[in-house]
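Data block below; observations after.
These values consider heavy atoms only, across backbone and side chains, with no hydrogens, waters or symmetry-generated copies. Just so it is clear, the structure is predicted and the values come from calculations on it, not from any experiment. Chain letters run A, B, ... following the sequence lines, proteins first, then strands; residues in each count from 1.
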Amino acid sequence: MRSLGKSFEPVEFESELYKFWEESGCFEADDQSVPGQKSFSMVIPPPNVTGVLHMGHALTNTIQDILVRWHRMKGDNTLWLPGTDHAGIATQAQVEKQIAKEGKAPNGKPLTRHDLGREAFVARTWKWKEDHGKEITNQLKRLGSSLDWKRERFTMDEGLSAAVREVFVRLYEEGLIYRGERIINWCPRCQTALSDLEVIPNERKGNFWHIVYKIVDGEGKPVLGADGVQEQLVIATTRPETLLGDTAVAVHPEDERYKHLHGKRAVLPLLGRTIPIITDSYVDKEFGSGALKVTPAHDFNDYDLGKRHNLPVVSVMGKDGRITPAGGPYSGMKFVEAREQVVLNLREQGLLVKTEDHVHKVGLCQRCENVAEPIISKQWFVKIEPLAKPAIAAVETGKIQFSPKSWEKTYFEWMYNIRDWCISRQLWWGHQIPAWYCGRCQEVTVARENPEKCPHCGARASELRQDEDVLDTWFSSALWPFSTLGWPSKTQALQTFYPTSILETGFDIIFFWVARMIMMGLHFMGEVPFEKVYLHAMVRDEKGEKMSKSKGNVIDPLVLINQHGADPLRFTLAAMAGQGRDIKLSVDRVEGYRAYCNKIWNAVKFFHLQLDALKEKGVAVTEPEGGVERWLLERRPRLAAHNRWILSRLERVIPTVEKGLENFELNESAQALYEFSWHELCDWYIELSKLPFREGGEKAVETLYTLRYSLDVLLRLLHPFVPFVSEALWQSLPWNKPASTPTRARGGKPEVLTLMFQAYPRPNPKFLDESAEKEIAAIRGVIEAVRNFRGENNIAPRVEFALRYKAASPEAASLIEGASEQLRVLARVSALEAVSGPGGGTEAVIPVSNPPVELRIDLKGLVNVEEEAKRLRKELEKVTGDIQFVRNKLGQETFIAKAPPQLVEKERKREQELVGKQTELEAALARLSTLGG
RNA sequence: UGGCGCGUAGCUCAGUGGGAGAGCACCACCUUGACACGGUGGGGGUCGUAGGUUCAAUCCCUAUCGCGCCAACCA
């Protein structure tokens, strides 16, 4: 049993508890479930191995941990599998940066990976991974994530690498992976190909240059117009340097302006080549001049257009970021220089007719934010359509469900228009492509094992050269749900945990990751990788902007954890994880939930105080035979009202919390828990319990048991949300036992006494008690009315006064009489007396509608007459307004006729009540005015 | 251009076809035996704007303005 400090100080117990859970094996799942036991599994979206925890991680891991802890408490064989991603470009870039800082190459420039050589650089990166890879996992532990660390995986570890090779080879054999020369996105800075997804469109202010193309005929002779001047076309472009690679000019076939030019040729400015004028309905007549320069090598649309018209492809922009020899005099210039020079030369030759300002989109490399250029290159691709089809069907048929559902639309939109996936990257850090080229026969060999000789011609291994490229990081991530469970071996873990139950992640990686996992899972496992996809909102910075490493605007969750604890951060994220809205994290909220944790802490401390006090009085407070719950259930009808009340209220929280957990509405659960524990348990139940505790005896013991039971259930409900503080508090409670029905096959390990394995409360009406709820609500009504009177009149709490009451019904009378002691304590009233007849003298009147009762307080020596008159006038004003509103409603025939009769009846009753109140208030005010004179 | 989401108290956000809520901030009073990370009371919003449906609209429909995100073949 733990003892509690005087307030909630998370640093004192969080790490210690995590260690206790982990060392006791509490996070471990079993490969095989016990008969009849359900399994529940999730895989963590693997963070970058060298990354640091940011708010996005904190959110997704909090949500996942809540779900996992909930299922574990429900008794499921629960697996939450951890791991990290090698993050090709990101990690390589970090190591490159490091070596650049370290030294200079012989040529005086900073060291690059090429100075080290591939082998040494990769070894260096592995070391970097060993040094930094633990940081993110330790941070996940600080959050409280109950991950099964014994199963931790890394996308480049031996098993996962084998899975990658297996998948690559199989897809190659099936014809779904091919190597081809096509247009791709190229980052000249990172020196690698990128997939379409890794290029981020970005608005840039630029220019719109209008360039003259002169027209010639098939023999190259100028075509003259009616006026004898050579015909010409003006073409607008935002990238004039690409004209070096133009191989056609395109116009719309129906464009009257250009019909006479069909079949003619245009002279490429600066280079003087002639190129055909083609027609294609892709061209927009309205845009620019209606004529389009076609550069198949450096524009995706032009590439397609070129294919349709069999145009030659001229690459003028090289991988090194410079113009190729095909660019003639511009060869060797950087792209930006070439642009300036081209514009200059055009101007000199009078071929530039106009320059406008223009905002257009350029593609930036996701990693380094430099402009990525479309270029022609030989790369490896996944033929995606055959994989996409079943993946679309899986969502259409509901085998996979997205939540919120609206994301399914986004998913379909992308999947229907999906293009082949460029998977090769010109990096060194990653899975090297298992393809070998034979120096002797030139054949390609794709194999699971490194070949010892060429299978085509028998050449020795030394003749074979492995493809230098590595695979896109997302290629290995796509296999994550099954590669981590041992695939391609047929493991027991796969049987038990695949398909996983839920995938929880951010919507920003639906295409990068979710869609690809679905495709690969269906293709290689024959089954969906998960049944539900939960997509959380984006955590943004205070300006509402997306947090990202490259922007440098990340807020460190560790700072918040160190300051306030993991639990307040977790509760904040859960409470704000409402769907359909971005989360703008506010530190105020975290502080508020820290206060909440402290509140719960003190509620439990209150229990201990009362337990000790009873013991001191010599009252035997041991655990009742058969347990507290049974003891309470057996005596339920005879329990005091406040005890029956809190048990009933508690019973109502359970289904609300469960519903939130089931429907991925964690904010609903968090709110219900917050509301109950603070405003019912602490504000009212504990206050109501103080009287019986003071009196001691049987009612005190009964109340102690009730409090013990309520706290136990509350802590169990809270545990998935705030695991640390709930465990610390629960451990402090007496009479705890290990889970009574251990459903986990824990390999003969001793049972652990932990809240983690206590059964999660289930909805069950056993303690529901409407009459107790009504009774306490009425008592609250009286107390609040008196407190309000006190507050409005500025009467100090220490000043007590007698309270008289006139009950409008016998029930109300007996209710107040029965609760007189509680009323005296909580309303701070010296005496309570029933009266009849109208009020008089110096009596103040306080009408209360629930319960129907009129309170009277003698004002003599208590309040300033003017203050009280002010209070009365204020109340009267409100009542009068209310009467007007109700009468207005009741005066409308259509309302009487069409509104539900119960509602009409309710309004009638309300009118009566209000008029009664009004009369009393007016009388009181009249009396007061005679007094005041 | 299309799709989606959001505009509710000073700030951050819940919420509902029958007279608007929380946390923080603010004001007043309280060192009351769990808690000053607290207690009690209070001030504060024509629920973006304009129409419509309805007995009744902050909520449903339409339009409109503003903000954000996503997807796009307008060079």
Side-chain angles (χ1 to χ4, degrees), chain A residues 4 6-9 201 208 235-239 242 250 282-284 286-295 299-302 304-305 358 360-361 404 406-407 409-410 413-414 417 507-508 510-511 537-538 540 542 544-546 564 568 572 575-576 578-589 591-610 613 667-668 671 674-675 679 682-683 686-687 690 693-694 783-784 787-798 825 828 881-882 885-886 889 892-900 903-904 906-907:
Chain A
L4 301 182
K6 74 175 202 293
S7 63
F8 168 67
E9 292 299 341
F208 211 23
I235 299 180
T237 180
T238 55
R239 298 166 71 208
T242 63
Y282 156 74
V283 179
D284 183 349
E286 310 302 318
F287 192 82
S289 62
L292 171 68
K293 57 191 268 324
V294 186
T295 322
D299 185 287
F300 282 87
N301 300 309
D302 291 7
D304 292 341
L305 197 59
H358 187 69
H360 66 122
K361 296 243 170 90
S406 53
W407 287 111
K409 207 168 177 175
T410 309
E413 192 67 28
W414 189 68
N417 300 311
F507 57 78
D508 52 327
I510 291 180
F511 308 141
M538 181 83 67
R540 294 176 185 278
E542 63 282 350
E545 280 195 54
K546 184 172 164 176
H564 303 292
T572 307
M576 296 182 80
Q579 297 180 171
R581 189 180 246 197
D582 293 339
I583 296 174
K584 276 188 249 170
L585 196 78
S586 95
V587 178
D588 280 356
R589 270 305 261 277
E591 283 169 7
Y593 289 121
R594 178 190 179 136
Y596 172 68
C597 290
N598 186 54
K599 192 77 181 170
I600 307 290
W601 186 274
N602 279 286
V604 176
K605 246 177 60 191
F606 176 78
F607 168 83
H608 286 292
L609 232 64
Q610 301 309 327
N667 53 318
E668 299 284 337
Q671 200 186 336
Y674 183 94
E675 178 69 20
H679 298 304
C682 290
D683 285 355
I686 285 185
E687 291 309 318
K690 284 177 180 172
F693 278 136
R694 206 169 302 160
I783 293 168
E784 276 163 357
R787 282 178 179 170
N788 174 279
F789 169 80
R790 228 182 237 288
E792 298 274 289
N793 282 302
N794 264 334
I795 302 170
R798 58 172 62 253
V825 174
R828 304 202 129 248
D882 286 359
F885 179 81
V886 174
K889 223 175 196 178
Q892 289 168 338
E893 275 174 42
T894 47
F895 175 74
I896 307 289
K898 296 206 175 178
L903 190 74
V904 177
K906 205 176 119 200
E907 295 294 331

Letter per nucleotide, 5' to 3', of nucleotides 34-42 of chain B [B base touched, S only sugar-phosphate touched, - untouched; heavy atoms, 4.0 Å]: BB-BSSSSS

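- Side-chain atoms of A:W407 and A:I510, non-hydrogen and from C-beta on, do get closer than 4.5 Å to each other.
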A:L4 and A:V604: CA distance, side-chain angles, deciding distance, side chain to side chain contact (heavy atoms under 4.5 Å, CB included) verdict: CA-CA 9 Å; A:L4 301 182; A:V604 176; 3.7 Å; yes

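- In this structure, B:C69 and B:G3 make a Watson-Crick or G-U wobble pair, each of the two defining distances being under 3.5 angstrom.
- Annotation: B:G15 and B:C59 have their P atoms spaced 16 Å apart (nearest Å).
- Base pairing of B:A14: no nucleotide in any strand meets the Watson-Crick or G-U wobble criterion (both distances under 3.5 Å).
- Of the nucleotides present, none pairs with B:C74 by Watson-Crick or G-U wobble criteria with both distances under 3.5 Å.
- Remark: A:R798 is in phosphate contact with B:U31, judged by side-chain N or O atoms under 4.0 Å from OP1 or OP2.
- Set against B:C29, B:C74, B:C55, the side chain of A:N794 has B:C29 as its closest nucleotide.
- Nearest nucleotide to the side chain of A:N301, out of B:C73, B:G18, B:C70: B:C73.
- Shown here, B:G44 forms no base pair; nothing in the strands shown gives a Watson-Crick or G-U wobble contact with both key distances under 3.5 Å.
- Checked against B:G23, B:A75, B:G18, the side chain of A:Y282 finds its nearest nucleotide in B:A75.
- One P atom belongs to B:U16, the other to B:A36, and the distance between them is 36 Å to the nearest Å.
- Across all strands, A:K361 comes closer than 4.0 Å to base atoms (heavy-atom distances).
- Nearest to the side-chain atoms of A:E668 among the listed nucleotides B:G15, B:C73, B:C69 stands B:G15.
- Spacing between B:U8 and B:U1 at atom P, rounded to whole Å, works out to 26 Å.
- Counting only heavy atoms from C-beta on, A:A899 has its side chain closest to B:C55 among B:G19, B:C4, B:C55.
- Remark on RNA chain B: of its neighbouring residues A:F895 and A:Y674, the 5'-side contact belongs to A:Y674, judged by nearest-heavy-atom nucleotide.
- Nucleotides B:G33 and B:C60 have their P atoms positioned 50 Å apart, rounded to a whole Å.
- Rounded to whole Å, the C1' atom of B:U53 lies 50 Å from the corresponding atom of B:C37.
- Counting non-hydrogen atoms under 4.0 angstrom, A:V283 reaches a base of the nucleic acid.
- The same atom, P, is picked in B:C30 and in B:G10; the two are 29 Å apart, to the nearest Å.
- One distance of note links CD of A:E591 with OG1 of A:T572; it measures 10.0 Å at 0.5 Å rounding.
- Under the Watson-Crick or G-U wobble criterion, with both distances below 3.5 Å, B:U32 is left unpaired in every strand shown.
- The same atom, C1', is picked in B:G51 and in B:C65; the two are 15 Å apart, to the nearest Å.
- Using a 30° and 60° split on the angle between ring planes, A:Y593 and A:Y674 fall in the perpendicular class, above 60°.
- Base pairing analysis places B:C37 opposite nothing; no Watson-Crick or G-U wobble pair with both distances below 3.5 Å involves it.
- Contact annotation: A:K409 side-chain N/O to B:C4 OP1/OP2 distance is under 4.0 Å.
- For the pair A:R594 and A:E9, the salt-bridge criterion is met [side-chain N within less than 4.0 Å of a carboxylate O].
- Across all strands shown, B:A50 is found opposite B:U62 as a Watson-Crick or G-U wobble partner, with both distances under 3.5 Å.
- Minimum atom distance to the side chain of A:P900 is reached by B:G18, of the listed B:G18, B:U12, B:C70.
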